[in-house]
*Asks:* 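Shown below is the structure under consideration.
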2 protein chains.
Amino acid sequence: MAASPKDPRPCSIADALALVGEKYSLLVLREVCLGNGRFDQLVRNTGAPRDVLATRLRRLVDAGILAKRLYSERPQRFEYRPTRAGLELEPVLLTLKDWGDRHLRQDGDLPMLLDHSCGETFVPVVTCRACGGEARHEGLTARPQTPGWTVSGPTAA
Amino acid sequence: MAASPKDPRPCSIADALALVGEKYSLLVLREVCLGNGRFDQLVRNTGAPRDVLATRLRRLVDAGILAKRLYSERPQRFEYRPTRAGLELEPVLLTLKDWGDRHLRQDGDLPMLLDHSCGETFVPVVTCRACGGEARHEGLTARPQTPGWTVSGPTAA
DNA sequence: TTCGTAAGTTGGAAATTCAAACCCTCCCGT
DNA sequence: ACGGGAGGGTTTGAATTTCCAACTTACGAA
């Protein structure tokens, strides 16, 4: 069956959000990346209801973003850890955190700081792999690859 | 009233997701950043139901992420555009798109390419503002600023 | 034996989502 | 004047999800 006229734009952002865009999923990933991968920790730290958490964890494991690891037999107890693919979502968390730090809080009451191995406090900058320059909206041009899906020129503020 | 024992971890990621983490919100931002800011374009390109879209748009405007702009009086017609704060969420979209491109598609069937002003195809890299090095999980140490909220050491794959 | 911990599952009420239809204002062609 | 059609929503009612509390299972400790 072909694309119906009501299909949305084909897009990797949409596909990614279909996996990790549900409520709590990225908070779960945050905790797991912080090393807090046990069920009860995830409940406490994310605020997710236990049943929703169980559903999210199944989905993230199925998607290959998290892996379940046994940390105790008798009684059997598991903990969740990020896979390679999960760790590669960390840049999304870092840029989101930075945005929240800058726009949703005044000044210095940041709930968490990150130290980089270079010795300084970590602040993320998104750069171009080719030239190393910081990504700016005006420097980017979208080129849709699917016939029928266009964009409407640049958007100035 | 103090923090009840069931409050989740204070976190800018959580705060950011409370604003833009609902279904369709980031897709709306994507379209608006592409210059497709009209209601019917947003319906078609994101797939959001019209009522949900109206709710999301109100929220994003209230949050100062989008602004409503009149592009025609008589009949009055509006279009939505990103504010400065909205544009600053673009790095989140860029890193999410890159993750989706790399993990959710095989090979070269990418639905959209970005050209950078340097002349090359744009691929995002998240780097440290201080040293310029690429952000890697092992190079980052989380330092929670709120008493009672800890992390459990590094997480290796 | 009873308590406590960890990792879920279950049941039912409450909140959201969805699709389709509807509304209102205007512009246009005849 | 009349009948579309476009654009930007709102309304309605059914289908899904979410939420919360309680329950379960499997152990280890006192």
*Asks:* Any salt bridge linking A:R58 with A:D62? Criterion: basic side-chain nitrogen under 4.0 Å from a carboxylate oxygen.
*Replies:*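 No, A:R58 and A:D62 are not salt-bridged.
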
*Asks:* Please give, in whole Å, the distance from C:dG8 P to A:L42 CG?
*Replies:*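 Rounding to the nearest Å, CG of A:L42 and P of C:dG8 are 10 Å apart.
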
*Asks:* Kindly confirm or rule out a cation-pi arrangement of B:R44 over B:F39, judged by NZ or CZ under 6.0 Å from the six-membered ring centre and within 45° of its axis?
*Replies:*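 No.
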
*Asks:* Could you identify which residues of residues 70-80 of chain B place a heavy atom less than 4.0 Å from some atom of DNA chain D, listed by residue number, or say none?
*Replies:*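 Only B:Y71, B:R77, B:F78, B:Y80 qualify.
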
*Asks:* Any N or O donor-acceptor pair linking the side chain of A:R38 to the base of C:dA6 at under 3.5 Å?
*Replies:*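 Donor-acceptor pair under 3.5 Å: no.
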
*Asks:* Decide whether a cation-pi geometry holds between A:K68 and A:Y80; the criteria are a distance under 6.0 Å from NZ or CZ to the six-membered ring centre and an angle within 45° of the ring axis.
*Replies:*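 Judged by the rule, A:K68 and A:Y80 form no cation-pi pair.
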
*Asks:* Looking at D:dG9, I'd like to know if its phosphate oxygens (OP1 or OP2) sit under 4.0 Å from a side-chain N or O belonging to B:R56.
*Replies:*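 Looking at the OP1 and OP2 atoms of D:dG9, neither is under 4.0 Å from any side-chain N or O of B:R56.
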
*Asks:* Check this one for me: any side-chain N or O of A:K68 less than 4.0 Å away from OP1 or OP2 of C:dG8?
*Replies:*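 For C:dG8, OP1 or OP2 has a side-chain N or O of A:K68 closer than 4.0 Å.
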
*Asks:* Does one side chain, of B:R105 or A:S12, offer a donor that lies under 3.5 Å from an acceptor on the other?
*Replies:*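 Yes - a donor-acceptor pair under 3.5 Å links their side chains.
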
*Asks:* Name the closest nucleotide to the A:D40 side chain, picking from D:dG9, C:dA6, D:dT18.
*Replies:*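 Minimum distance to the A:D40 side chain belongs to C:dA6.
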
*Asks:* Show the numbers, then the answer: is there a side-chain hydrogen bond (donor to acceptor under 3.5 Å, both in side chains) between A:R30 and A:N36?
*Replies:* CA-CA 9 Å; A:R30 174 197 71 194; A:N36 304 125; over 6 Å; no

*Asks:* Given 3.5 Å as the limit, does a donor-acceptor pair link the side chain of A:T95 with the main chain of A:P91, or not?
*Replies:*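 At least one qualifying donor-acceptor pair exists.
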
*Asks:* Using only heavy-atom distances, decide whether a donor-acceptor pair under 3.5 angstrom links the side-chain of B:D51 to the base of C:dA19.
*Replies:*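 Counting by modelled atom types and ignoring angles, a donor-acceptor contact under 3.5 Å is found here.
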
